[in-house]
Amino acid sequence: MTPTKLAPPQIRPDDPPGTQPDYFYPPYKSSVLRAPAEPLIYLPHTLTERTGPVYGHSLIRPTDNDLTAQHPDPPQGERILVHGRVLDEDGHPVRGALVEVWQANAAGRYRHKVDQHDAPLDPNFTGAGRVLTDDQGCYQFRSIKPGAYPWGNHYNAWRPAHIHFSLFGAGILSRLVTQMYFPGDPLQPLDPIFNSIADPAARQRLIARFDIDKTEPSFALAYHFDIVLRGSHDTPFEDAQR
Ligand SMILES: [Fe+2]
């Protein structure tokens, strides 16, 4: 059976139309099979689901947010700092949120068995990191700029350079997943995942801002990426449990 487009699921009733990705967006091939074919059923979370289980903050090491220091030698590529704040709809900081990132290496390849892209793996780059937001809702990662990579969505399809983000709130059922892009990337207007967000202003909220003030002279360029969890200016999320 071929799925047909349903009215947008009502799991984000406060989001203006077009500011979150369409679940059914045929230019993004996987969405055709993945999109709900029936109306969603709301299952209220119980108290125990909202409050636990929780991840262990103590398991996070201070160096987990430095993707350039996880191996004996530094990785290949252009060093970057990515930083920003996690905010609620009123602009208040979200403290203690677990921010996790994963990304391709500088050549555009993930260290993952299903990634068979003919580009070199880097023995000094795993491509995953995590950190907790501080009292001001701030987070920071040190990494290398990921490369673009081809994917099988359509002929000559290339993903723009991006970093995947996952955010956990108080419990593991409170999770948001999104992607951060880099300014000035010519692949963005061609990317079906980026374009699955109809509102151009909302798409722009996924593009980090080059931040000369945070740049480390002679060491790394910096990018600023704030994440807003709710409201009319929230960040587009590809997956949401909130
Ligand atoms: Fe990716």
Side-chain angles (χ1 to χ4, degrees), residues 20-23 25-35 64-68 70 75-84 86 98-131 139 141-168 175-197 202-210 221 223-227 235-241:
Q20 293 290 335
D22 286 340
Y23 288 107
Y25 185 70
Y28 177 19
K29 261 188 353 191
S30 298
S31 77
V32 174
L33 294 175
R34 188 183 296 161
D64 279 356
N65 65 340
D66 188 347
L67 284 70
T68 71
Q70 298 174 342
Q76 298 285 337
E78 177 187 323
R79 284 186 295 257
I80 58 171
L81 297 172
V82 177
H83 75 107
V86 179
L98 176 65
V99 183
E100 296 175 296
V101 294
W102 62 100
Q103 63 167 94
N105 67 21
R109 184 161 177 187
Y110 288 97
R111 181 173 291 280
H112 193 280
K113 62 185 178 199
V114 303
D115 187 344
Q116 296 299 314
H117 173 33
D118 182 22
L121 284 170
D122 186 339
N124 292 306
F125 190 70
T126 301
R130 58 185 181 169
V131 71
Y139 73 88
F141 291 96
R142 179 179 288 176
S143 189
I144 52 96
K145 190 172 181 182
Y149 59 81
W151 61 312
N153 189 74
H154 57 275
Y155 173 71
N156 202 18
W158 292 79
R159 293 296 331 277
H162 61 277
I163 297 177
H164 295 268
F165 274 71
S166 162
L167 287 89
F168 279 107
R175 189 187 189 202
L176 294 166
V177 179
T178 190
Q179 298 182 28
M180 184 204 96
Y181 298 86
F182 292 84
D185 189 329
L187 291 170
Q188 284 158 9
L190 306 174
D191 182 48
I193 294 180
F194 188 69
N195 288 331
S196 68
I197 303 151
R203 287 202 293 271
Q204 293 304 307
R205 293 199 283 276
L206 294 181
I207 302 175
R209 173 176 61 82
F210 174 62
L221 300 181
Y223 294 89
H224 187 111
F225 182 57
D226 285 342
I227 298 167
T235 303
F237 297 101
E238 60 196 67
D239 190 22
Q241 294 168 319

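Given the structure is predicted, the values throughout are model-derived calculations rather than measurements. Ligands are counted one by one from 1 in listed order, and the atoms in each one are counted from 1 as well.
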Could you label the plane-to-plane angle of the [X] and [Y] rings as parallel, tilted or perpendicular, counting under 30° as parallel and over 60° as perpendicular?
{"X": "F194", "Y": "Y181", "result": "perpendicular"}
{"X": "Y139", "Y": "F141", "result": "tilted"}
{"X": "Y110", "Y": "Y149", "result": "perpendicular"}

So does Q204 get a backbone contact from the side chain of Q188, meaning a donor-acceptor N/O pair under 3.5 Å?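 Not confirmed, Q188 side chain does not pair with Q204 backbone.
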
Donor-acceptor pair, Q20 side chain versus F237 backbone, under 3.5 Å?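 Checking the backbone N and O of F237 against the side chain of Q20, a donor-acceptor pair under 3.5 Å is found.
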
Every N, O or S from the protein that is nearer than 2.8 Å to the Fe ion (ligand 1):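 Sorted hits: Y110 OH, Y149 OH, H162 NE2, H164 NE2.
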
Can you measure from CG (N105) to CD (Q76) and round to the nearest 0.5 angstrom?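 Nearest 0.5 Å value for the CG-CD distance: 9.5 Å.
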
